[in-house]
Each structure stands twice: as structure tokens, then as C-alpha cells.
A.B. asks: 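Structure incoming, see below.
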Amino acid sequence: MDIDTRIRRRERLQDDRRLVVDYQALSPVAHVEEPPGRGPVLERVLDHLDPVFEGRKPPDGALWGPPGSGKSAVVTALFDRLRIRTEQSQSVVHTTTRAQSPDAPAFVYLDTRAASSRFQLYHDTLAALTDESVPEHGVSTEQLQSRLRSRLGRYSSAVVAVDHVGEPQTLSAAEVREQFEPFGSQLSLLTISRSPPDAWPVETIEIPGYGQQVLIDVLMTRSSEGLTSDAFTHRQARTLASWASGNAHDALAALFGAADAAAAENRDQLTEADLQAGMDHVPERCVSLGWVLTLPENRQLVLYELLQLPDAAGRSVTEITDALADRPAIDLSAGTIRRFLYELAEDGIVERVETERKHDQGRPPSRIEPRFPTRVFERLYEIQN
DNA sequence: GATCCACGGGAATACACGGATG
DNA sequence: CATCCGTGTATTCCCGTGGATC
């Protein structure tokens, strides 16, 4: 055996020991097939949907609970399964030549973070119900409405789950309901929100935050999918779970950040310092990562490049704007970048913090602080782009 | 030609402060 | 002392334009 081979063998050994990170498996916004510990909630949602299985339209409903309690996880997992079942039964219909009465229900999941206009709501609903692509331009909202109407006619009933309603920057439940008014007889809505729905007559399902044990379970399950075995201990999961106090989003974001810190140092296990780094990268009053990742492309670019600026933390909005405008990756005017930054601050994705004045005169500038899990965003952004 | 939406640009407004004014 | 004014900077608001797509 020659020396090179011996060295390569050592290198490979090192590689094998190295922490493997499947970032998607650790992502707080990943869709999972079986959300752990949410069986009772699944049952209640299924109870609510019961009429569907007899071909009737269920009443409108509302699922609500605190951030990071698995609302999106439950609904996406459930609707995914239901949709697959529908598609299977529909394809049976398609293969028969005889025209049949529609007997299968439709299940649609919408995110109001991505769909904020009537056009987008109809578009996304229609897109979920058709294989063909639905035009995003050149067609009026009214045309989409009539296309959607006739499409809905092919199902016995339809349930549209509308996620993230009533957040500061999204449509309220009432607004969503109003936009879908024309389809009142054809579909029912299941809104998903952080606070209980006000007023309209619906069946309400409350989802509590995760208990400590279940959250530890969630972390262990995800780490077993995303990391090499033994990289993350039960004791560490306990630490993260208690730090996150029931919020799975924050706990997973911290785990993700910790894994990334360990990977950067070529470690095969998470240390306490990694854990701390992971938690430090999840700011207090943290905005959901899902919100950041559904922003238009150029805004995400601005955020990403902002995080790449070495000394962004100490600089004013104006200075940051100029620095970003100089970045080759960004092809936007300084004015637009500045407007983006102010808009992102308005949305709470970053925060403007007043600083002491730098000039003798004029209004004092403010600096920018991210309000989302930065490390997670950076990795996921890099994977996406 | 229609349609939606992101950009760009700029006008309008807010804020902080020192100095002038009543 | 309270208020107003001018100046300079920060922030918000608004709308026309053009790209992309049908």
C-alpha cells in the first residue's frame, strides 16, 4: 500500500465521522408526512371535515394556535394525503369514457403570505386543482374566477385551507372570506391563524403549543433524519426545547443553526457552544422563516446580501443602502434598495433601531437588525439559488 | 392588446435641533 | 418660557412605466 492510499484512507475516515447535515430535514419550514404528537388535532380536523366523506360540504372552520405549534405542519400533511386520495379516485374517473357525476372532494392548501390579492387567491386555488399551468399574466381576475367556478363544478365539494390569515401583512379571515364569497356554495374555507377568529360563524379548533416532551420528540425525530446518529443528544434536545418554550419553529431554527456551526468547524457532534450559537442566531421576537422565504426574489437577495456585509450591524440605513448598491450580485437602484429596507422594517422582518446622531443636524439615522433566523435563512437561500 | 406586478423615482411628510421670535 | 422657523436628514407614500406573459 502506498503512502497516498494510506493518507486517502485516513481522509475518508475523517469524512465518515464528519457531521452530515441534511438541511431540508432540519428546516423549520419543511413539510413532514407525520407531524409527531399532533394526533388529537388531526382527529379534530378530520371530525370537522367529516361531511366531505359523505359528499357534503363541511361548514367553514378555523384552526388557531400560537406560533410554532404545528398548524401548518398538520394541515399540509393532512391535505397532502387527502389530495393524493382524491387524485387517485379522479384518475379512475378519467379512464372511463362515460361522463360521470363528480363524486370526489377537492382539497386545496393556500398560503396568504404568497397570495395577497384576489387574483392570486384564485390563481393559486386553480393551480392546485389543475395539472396544466395557470397563466399569471394576461388574464383578468374575472376570467380566472369563471375558470375556477367551472373547475370546482367537477368536485363533490371543495375545502380550501387558507394559512397565515390575520397576520400583520396578510389578509384577514374576513377578507379571505369576502374574496371567496362568489364560490360560497361550492367550497368551504378552513382558515389557519394565530389568534381565534373573530365573529364569523365557524367551527373552531384550537391547537395548543407543544409540550416539553413532545417538542423534544420533534427535535429528536428531525435530528435523526438530518444529522449523523449521536451528533445530537437527548440532553441537548431538552435544552433547546426548554429554551424555545413550546415553539417548534424556534427550536428547529436553533437546531439548524447549531448543526451549521458544528459543520463549519468540521465537528461530528454538536457542542454546547454550537448549541449556543444556534440559539443566538434566532432573534427574540423572531419572525417566521416561512414569511421570509416567500418574499419576492429580489427582497430575499437584498436580505441575503445584507447578511454578507461584514459590518452591517453598526451602519445606518443610508450606508447599508450604498454598500448594497455596490454589490455586483444586486442589480437594483439605490432608491429601490432603500425602499426595500424600509418596507422590510415595516413588515417586521428587520427592525430599525435608532442610533445616536452622526451629523450635527438632521434626523438621527437608524441601523438595521434582522428579526429572522439568519443562519437558517442563509443556508436555505444558498440551497435554493 | 390585456393583464398583473415589481421597479424606479420622486414628492410629501416626519423628525431633530438650534436659533429667532413673541 | 413657549412657540415658530429654517435647515438638513430620515422615512413614508404614491404612481407611472415597463417587463413578462397570455
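Labels below follow one simple rule: chain letters A, B, ... track the order of the sequence lines, proteins then strands, and each chain is numbered from 1. This structure is a prediction, so every number in the text was calculated from the model and none was measured.
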A.B. asks: Indicate, with a heavy-atom threshold strictly under 4.0 Å, whether A/Phe119 touches base, sugar-phosphate, or nothing.
C.D. replies: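 Sugar-phosphate: the residue A/Phe119, judged by heavy atoms under 4.0 Å, touches backbone atoms but no base.
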
A.B. asks: Rounded to the nearest 0.5 Å, how far apart are CG of A/Leu126 and CD of A/Glu132?
C.D. replies: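 The distance works out to 8.5 Å.
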
A.B. asks: Please report the shortest heavy-atom distance between A/Thr112 and A/His164, naming the atom on each side.
C.D. replies: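 Heavy atoms only, the tightest pair is OG1-O, 2.9 Å.
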
A.B. asks: Phosphate oxygens OP1/OP2 of C/dT12: is one of them under 4.0 Å from a side-chain N or O of A/Arg352?
C.D. replies: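 So the side-chain polar atoms of A/Arg352 do come within 4.0 Å of the phosphate oxygens OP1 or OP2 of C/dT12, strictly under.
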
A.B. asks: Side-chain N or O of A/Arg339 less than 4.0 angstrom from OP1 or OP2 on C/dT12?
C.D. replies: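 For A/Arg339, the contact criterion (side-chain N or O under 4.0 Å from OP1 or OP2 of C/dT12) is not met.
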
A.B. asks: Between P on C/dG19 and CG on A/Asp331, what's the gap in Å once rounded to a whole number?
C.D. replies: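 Interatomic distance, CG of A/Asp331 to P of C/dG19: 13 Å.
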
A.B. asks: Rounded to the nearest angstrom, tell me the gap between atom CD in A/Glu319 and atom P in C/dA10.
C.D. replies: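 Checked: the CD to P distance equals 9 Å.
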
A.B. asks: With respect to the phosphate group of B/dA6, does any side-chain polar atom (N or O) of A/Thr336 fall under 4.0 Å of OP1 or OP2?
C.D. replies: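 So the side chain of A/Thr336 is outside the cut-off, no N or O lying under 4.0 Å from OP1 or OP2 of B/dA6.
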
A.B. asks: When the nearest nucleotide of DNA chain C is assigned to A/Glu343 and to A/Thr318 on a heavy-atom basis, which residue is associated with the more 5' position?
C.D. replies: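 Counting from the 5' end, the first nearest nucleotide belongs to A/Thr318.
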
A.B. asks: Any heavy-atom pair between the side chains of A/Leu82 and A/Val52 that's under 4.5 Å?
C.D. replies: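 Not in contact.
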
A.B. asks: Counting N and O atoms only, with roles assigned by atom type, does the side chain of A/Glu175 sit under 3.5 Å from a partner on the main chain of A/Ser172, one being a donor and the other an acceptor?
C.D. replies: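 Side chain of A/Glu175 to backbone of A/Ser172, a donor-acceptor pair under 3.5 Å: yes, one is there.
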
A.B. asks: Minimum heavy-atom separation for A/Ala244 and A/Leu215, please, with both atom names.
C.D. replies: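 Smallest interatomic distance, heavy atoms only, reads CB-CD2, 4.4 Å.
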
A.B. asks: Output the rounded distance in Å from CD1 (A/Ile320) to C1' (C/dA10).
C.D. replies: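 For the pair A/Ile320 CD1 and C/dA10 C1', the rounded distance is 14 Å.
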
A.B. asks: Return the value, rounded to whole Å, for the distance between atom CZ of A/Arg118 and atom C1' of B/dT3.
C.D. replies: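 About 14 Å, once rounded to whole Å.
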
A.B. asks: Can you confirm whether A/Arg238 sits close enough to A/Gln213 that some side-chain heavy atom of one is under 4.5 Å from a side-chain heavy atom of the other?
C.D. replies: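 Answer yes - side chains close enough.
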
A.B. asks: Whole angstroms only, please: what is the CD-P distance between A/Glu354 and C/dA10?
C.D. replies: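 Whole-Å distance recorded here is 12 Å.
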
A.B. asks: Between A/Ser117 and B/dC4, does any side-chain N or O lie under 4.0 Å from OP1 or OP2?
C.D. replies: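 Answer is no, no contact under 4.0 Å.
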
A.B. asks: Please give, in whole Å, the distance from C/dT12 C1' to A/Asp347 CG?
C.D. replies: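 For the pair A/Asp347 CG and C/dT12 C1', the rounded distance is 13 Å.
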
A.B. asks: Measure the distance from CZ on A/Arg315 to P on C/dT9 and round it to the nearest whole Å.
C.D. replies: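 In whole Å, C/dT9 P and A/Arg315 CZ are 19 Å from each other.
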
A.B. asks: Counting the atoms with a prime plus P, OP1 and OP2 as sugar-phosphate, which does A/Arg299 contact under 4.0 Å by heavy atoms, base, sugar-phosphate, or nothing?
C.D. replies: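 Touches sugar-phosphate only.
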
A.B. asks: Are A/Tyr381 and A/Tyr304 near enough that their ring centres are under 6.0 Å apart?
C.D. replies: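 Yes, the ring of A/Tyr381 comes within the 6.0 Å limit of the ring of A/Tyr304, centre to centre.
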
A.B. asks: Can you tell me how far C1' of C/dT11 sits from CD of A/Glu346, to the nearest Å?
C.D. replies: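 After rounding, the gap between these two atoms is 10 Å.
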
A.B. asks: Tell me which residues in residues 130-146 of chain A put a heavy atom below 4.0 Å from DNA chain B, sorted by number, or none.
C.D. replies: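 Within this stretch, A/His137, A/Gly138, A/Val139, A/Ser140, A/Thr141 sit under 4.0 Å of the strand.
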
